[in-house]
Amino acid sequence: MDYQFKDIEQKWQQFWADNQTFKADDNSAKPKYYVLDMFPYPSGAGLHVGHPLGYIASDIFARYKRLKGFNVLHPMGYDSFGLPAEQYAIQTGQHPAITTEANIATYRRQLDQLGFSFDWSREVRTSSPGYYKWTQWIFMQLFNSWYNKAADKAESIDKLVAHFEQNGSAGIDAVSDEEVATFTAAEWKALSKEEQQAELLKYRLTYLRESTVNWCAALGTVLANDEVKDGFSERGGYPVEQKKMMQWSMRITAYAERLLQGLDTIDWPEPLKEMQRNWIGKSVGASVKFLISAPPKPSPEGRALIEVSPTGGDLEGAAIEVFTTRVDTIFGVTFLVLAPEHELVPALTTPDQKKEINAYIAQSKKKSELDRMSDTKTVSGAFTGSYVINPVNNEQVPLFIADYVLAGYGTGAVMAVPSGDQRDYLFAKHYNLPIMPIMDIQNIETEADPTKEGKYINSDFMNGLGYKEGTAKVIAFLEAKGAGKAKVNFRMRDAIFGRQRYWGEPVPVYFKGDLPYLIDEKDLPLVLPEVDKYLPTESGEPPLARAEGWNYRQAPPKPSPEGRAYPTHQAGNYRETADPVYYEQLKEFSADNRNQPTEVENILWQLLRNNQAGYKIRRQHAIGQFIADFVSLEKGLAIELDGHHHKLNKEADDARTEVLNHLGFEVIRFTNDEILKAPQEIFEVIKQKLNSLPERQKVSPTGGDLEGARDYAYELSTMPGWAGSSWYWYRYMDAHNDQEFASRKDIEYWKDVDLYIGGSEHATGHLLYSRFWNKFLKDMNLVVEEEPFKKLINQGHIQGRSNFVYRLIDEMGRGTNTFVSHGLIKQYKTSPLHVDVNIVENDILDINKFKTWRDDFANAEFILENGKYVCGVEIEKMSKSKYNVVNPDVLVERYGADTLRMYEMFLGPLEQSKPWNTNGIEGVFKFLRKFWRLFHNDQWQFSLSDAEPTKAELKSLHKIIRKVEEDVERFSFNTSVSSFMIAVNELTDLKCNNRAVLQELVVVLSAYAPHICEELWVWLGNQPGSLSYAPYPKFNAEYLVEDEYSYPISINGKTKINLNISLSLEPKAIEEFVLANADMQKYLDGKTPKKVIVVKGRIVNIVL
RNA sequence: GCUCAGAUGGUGGAACUGGUAGACACGCAGGACUUAAAAUCCUGUUCCCGUUAAAGGAGUGCGGGUUCGAUUCCCGCUCUGAGUACCA
């Protein structure tokens, strides 16, 4: 039979699925190998031909490793939280979960038809509660941790608390917020719980803090730095502004050094490592304090300044701290510059300068991010009127502000050394400030000279020293004086960890007042609630604020005999609907309480039981959210005793009273003492109260009783897109575990990802955050490797090739229905318009198809060149809106998956970006047919010979065995496709139909073209499905041994002829043989060679 | 501006540690089969000069260098792509 790829591919895809052929074993004697693809966001557009590129490569590699005897884990899943589904929901009202589900179905169908060897039993989806339960859990671990610099790892927050309780803040070296308090153990213990919480928040690895964020009003959310490009959002291209907001952040800066050092231990592309290094942005230098000096001539106004300073006192004694990488140049400092946003600017501005400074601040605020970037030449700034003192020579230098100093980097202040820094130089020239050379070989005629060579001059105690000694000396000097110290600064900022969006993981946090608390671990997952609309509320709160009952109900703590603690409810959120489950829980606690009464309760109970007060009294009865000590449901009276808890929490009691009142209960309270002293009197009070109250309507305990209960507000923002992708490779190891994010056993077996394939666009996002979380999990001893991805390969991007038509613009500036061919557009006023690449061939527009492409083009007219409409071409991203998408479905339908797989590999090196071009796919298709034909006779009948393979056949076979081994190991998939073609061409020429040879060839090719190989494998008489785990053929070098080699003979490096010479011949003999050759005599032309170079088995070169 | 990657026929690309530049494909040209088309197969295809065949010359972005020999190594430059952006 002819090569029927459609039947074959369907059949084997079904077989693999039915037999779970690629299910990985968690416990195997074979060595493990983990091949991972970056999991996709399932977009509505489905896959285009660019998406599978990396998956094909990883699949070939995974299949190859199986043949090589490895236990391969090769999973796939979906990064299914994200903006597009939510944007779609906003527009259509369709729940993002539904959109996502539909998109995943499309993705799955498209992936399946390409014959990937994924272990689908381990599929993960970041948006499924079973998965994000553990994303939330990891968040909680981060919340419960702090970074101990002394141990250089994250540790439990309990350990920090224990330290505070014993030693106060002394001796703690932590990565924390800047403004942490210092306190003694006693002071710590004296703090209220809330104050302690607030302080601990400054240490936690995930924390809430007022931060300047990238706010995108159009998207209604904040964005991470890596999601902002040139002041616009990466998705959608909307403007982004800076805004101060209370935000969740991740203390990734704690790991800056380890993230940097770790790069040296992993096998990643150098450019990608470089991007991470730049992003981390380590600079080694020093921080120096410049004392603020009084204005030079204290005027009445000058004094006024000091009085109005925000510090409330004398600014003398206060200092400006700068960070510098060239502290050795400090004697060249002739002024200081602050960022306009620097907090001390208002206080340091003298009244004379106030006007100028304010004008400058206003002006630089107005400048957009873009202006500031494009305009790097203009010097601008303003003098504050104040001066500071250089600590090394006590000289007064003026203090300026200028927007070339960034508030967000370092301390937002720089010491200006115009002789060594070009920006400072320009600034000094502009403001006529002195420029002081500090190196003997410095040339500062026209520009700054940042040289480190030479000896210092004008530098007091540093004069005559070189860079290294000078730097050491000046740091020692500053340290001794307490005016500075060596310091390392990082460019990387903590990562904002919150989006004001719906379609993301809820943050497992609720609030008491302003303080965040974790929900109970047993309440995970905190499931995303339903909302009526996916938009922010009218008051600008995130969409989750629309969710009904989006509040946390903390279960009452287990009662202690003395405590009988009630949940600490406080005024706040109101809840109208009942929660039967919670009510059941309350009833349980009530029963517990009844079984363990306190002394006082017991006394009162003896008086009130059996209708002794005239009405039925219940004790420890659940009402709404609370358990009342005694209650008459009939009369609506709650009697509360003064438990241990109540004393501590008057506010909570008041709130409780308010709620109970709302529910129709009157509340009376007694202290324990009152009851102990005069129980009978209390009894009488209660009795009177009961009589005075009207009878209450009966309410069902489940229905009405819970109404109006108070709850805690949950966090309203959701986690950012990178949360779910920062640990997913561990979930694949144990995808269905509902006790742990992955079991210790499986983590210890699979350890880390051996090969990770994905795009370089994740360099500073996903790949950095994943390394961060991995290091944290390692610190927590939850995983075993410090780095998650041992080897990483960036597949190139397949770009689209767009075609354009050019619409003629009339003199009014309106678009017409006339289109100008590309060659003529210079003569007309036109505007370009994307046109569907499917109606263009070789850049010539099919005019008839164009007219039917869009209704409004039915009457289009054209200005042609040479009778043709030539389209413009541009290489850009493949996207629906650009009409340049090539769909793999179409190609699979026409050529089959095996052809598409091999063609995508054949296109060029995996890591290279290139525009898609379907031309050439025929060549690969022909190759597979030719391969198929090797196994068949002229009548398309399966026909093989069992004879001994010939030497030539074995040579072809073993060449390809070795070649594929070499190529796959170095990820050069394109070259092995060529080699397969060569092998099949050779075997065809040899008319090879030898079973032994072809069977091995099938195994070698099966990683690339699995379907056709499975089919032939079974024809060859093997067990269906066994091919995937067949042994890779053993290469035997003997078959490639030659006894002759065709030496290229060159004269002065230019090849002239080839001569067959025995490989056993030694160089001396080769030289003689060559020089004696008749043809060579002609070239030598009687001359004697100056020199003859013979490289055995390679080349002969004659120098004349 | 800085950092990184790259530049090879009409096209995609190959040449792995310096050793026959252009493998393998696409496209194109010519041919075979066929009434014809499709499909398939064969031949040619870096450029220039020349031709019956030959023989010669140039050639891996440009200019230098090292070397018997350079697409490969070194120096300078041009262009393209990516990242980054006043980072003190």
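Both backbone and side-chain heavy atoms feed into the values below; hydrogens, waters and symmetry mates do not. Note on naming: letters A, B, ... go to the chains in the order of the sequence lines (proteins, then strands), and numbering restarts at 1 for each one.
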Q: Taking only the side-chain nitrogens and oxygens of A/N985, find out if one of them lies under 4.0 Å from OP1 or OP2 of B/A25.
A: yes

Q: Can you sort out the partners of A/K485 under salt bridge (Lys or Arg N to Asp or Glu O under 4.0 Å), two or more places apart, ordered by chain and number?
A: none

Q: Tell me what A/K963 touches on the nucleic acid: a base, only sugar-phosphate, or nothing, going by heavy atoms under 4.0 Å.
A: base

Q. Which pairs pass salt bridge (Lys or Arg N to Asp or Glu O under 4.0 Å) with one or both residues in residues 978-993 of chain A, sequence neighbours excluded?
A. A/K959-A/E986

Q. Could you give the CG-to-P distance, from A/N974 to B/C16, as a whole number of Å?
A. 13 Å

Q: Provide the distance between the two P atoms, one in B/A70 and one in B/G50, to the nearest whole Å.
A: 29 Å

Q: Mind checking A/V414 for me? I need base, sugar-phosphate or nothing, with any heavy atom below 4.0 Å counting as a touch.
A: base

(Q) Rounded to whole Å, how long is the line connecting atom CG of A/D938 with atom C1' of B/A39? (A) 16 Å

Q | salt_bridge(A/E447, A/K429) N-O dist < 4.0 Å | A | no

Q) Can you name the ring pair (Phe, Tyr, Trp, His ring centres under 6.0 Å) partners of A/W268, sequence neighbours left out? A) none

Q | Residue pairs fulfilling side chain to side chain donor-acceptor pair (under 3.5 Å) with at least one residue in residues 1092-1104 of chain A, sequence neighbours excluded | A | A/S1050-A/N1101, A/E1066-A/K1096

Q | Spacing of the P atoms in B/G18 and B/C74 (rounded, Å) | A | 11 Å

Q. Can you tell me if the side-chain N/O atoms of A/R933 get under 4.0 Å from OP1 or OP2 in B/C41?
A. yes

Q.
Restricting to ring pair (Phe, Tyr, Trp, His ring centres under 6.0 Å), what partner residues turn up for A/F323, sequence neighbours left out?
A. none

Q) Is any side-chain nitrogen or oxygen of A/S979 closer than 4.0 Å to OP1 or OP2 of B/C24? A) no

**Q.** Salt-bridge present (A/K273, A/D267; N to O < 4.0 Å)
**A.** no

**Q.** Pairwise C1' distance, B/U45 and B/G22 [rounded to whole Å]
**A.** 12 Å

(Q) Let me confirm one number: the CG-CD1 distance from A/L910 to A/I60, rounded to the nearest 0.5 Å. (A) 9.0 Å

Q: For nucleotides B/C41 and B/C24, find the distance between their P atoms and express it as a whole number of Å.
A: 16 Å

**Q.** Sequence-distant partners of A/F1035, ring pair (Phe, Tyr, Trp, His ring centres under 6.0 Å), two or more places apart
**A.** none

Q: Quote, to the nearest angstrom, the C1' distance that separates B/A38 from B/U46.
A: 33 Å

Q. According to the salt bridge (Lys or Arg N to Asp or Glu O under 4.0 Å) rule, which pairs have a member within residues 902-925 of chain A, sequence neighbours left out?
A. none

(Q) Under the rule for salt bridge (Lys or Arg N to Asp or Glu O under 4.0 Å), what residues qualify as partners of A/K289, not counting sequence neighbours? (A) none

Q. Mapping A/T325 and A/S1050 to their closest nucleotides on RNA chain B, which lands nearer the 5' end?
A. A/S1050

I'd like a list of close polar pairs between nucleotides 26-29 of chain B and the protein, N/O only, cut-off under 3.5 Å.
| unit_1 | atom_1 | unit_2 | atom_2 | d |
| --- | --- | --- | --- | --- |
| B/C26 | OP1 | A/K926 | NZ | 3.1 |

(Q) Holding to ring pair (Phe, Tyr, Trp, His ring centres under 6.0 Å), I want the full list of residues that pass it with A/F935, two or more places apart in sequence or in another chain. (A) A/F931

Q.
At under 4.0 Å between heavy atoms, how does the protein contact nucleotides 6-12 of chain B? Give one character per nucleotide, 5' to 3', with B, S or -.
A. ------B

Q) How would you label the contact of A/N1101 with the nucleic acid (heavy atoms, under 4.0 Å): base, sugar-phosphate, or nothing? A) base

Q) Nearest-Å distance, CG (A/D967) to C1' (B/C24)? A) 12 Å

Q: May I ask you to say what A/P269 touches in the nucleic acid, namely base, sugar-phosphate or nothing, with a heavy-atom cut-off under 4.0 Å?
A: nothing

Q.
Rounding to an integer number of Å, can you tell me how far A/R491 CZ sits from B/U3 C1'?
A. 12 Å

(Q) Going by the glycosidic torsion and a 90 degree boundary from 0, is the base of B/G9 oriented syn or anti? (A) syn

Q) What nucleic acid atoms does A/N489 come within less than 4.0 Å of, heavy atoms only: base, sugar-phosphate, or nothing? A) nothing

Q: Using both pair distances under 3.5 Å as the test, note the stems of at least 3 consecutive Watson-Crick or G-U pairs that include RNA chain B.
A: B:1-7 with B:78-84, B:10-12 with B:24-26, B:27-32 with B:40-45, B:46-48 with B:56-58, B:61-65 with B:73-77

Q) Just by distance, with hydrogens left out, do A/K282 and A/N489 show a side-chain donor and acceptor under 3.5 Å apart? A) no

Q) How is A/R277 classified with respect to the nucleic acid when contacts are heavy atoms under 4.0 Å: base, sugar-phosphate, or nothing? A) nothing

Q. When the P atoms of B/G30 and B/G83 are considered, how many whole Å apart are they?
A. 46 Å

Q | First of A/A413 and A/V1100 reached from the 5' end of RNA chain B, by closest nucleotide | A | A/V1100

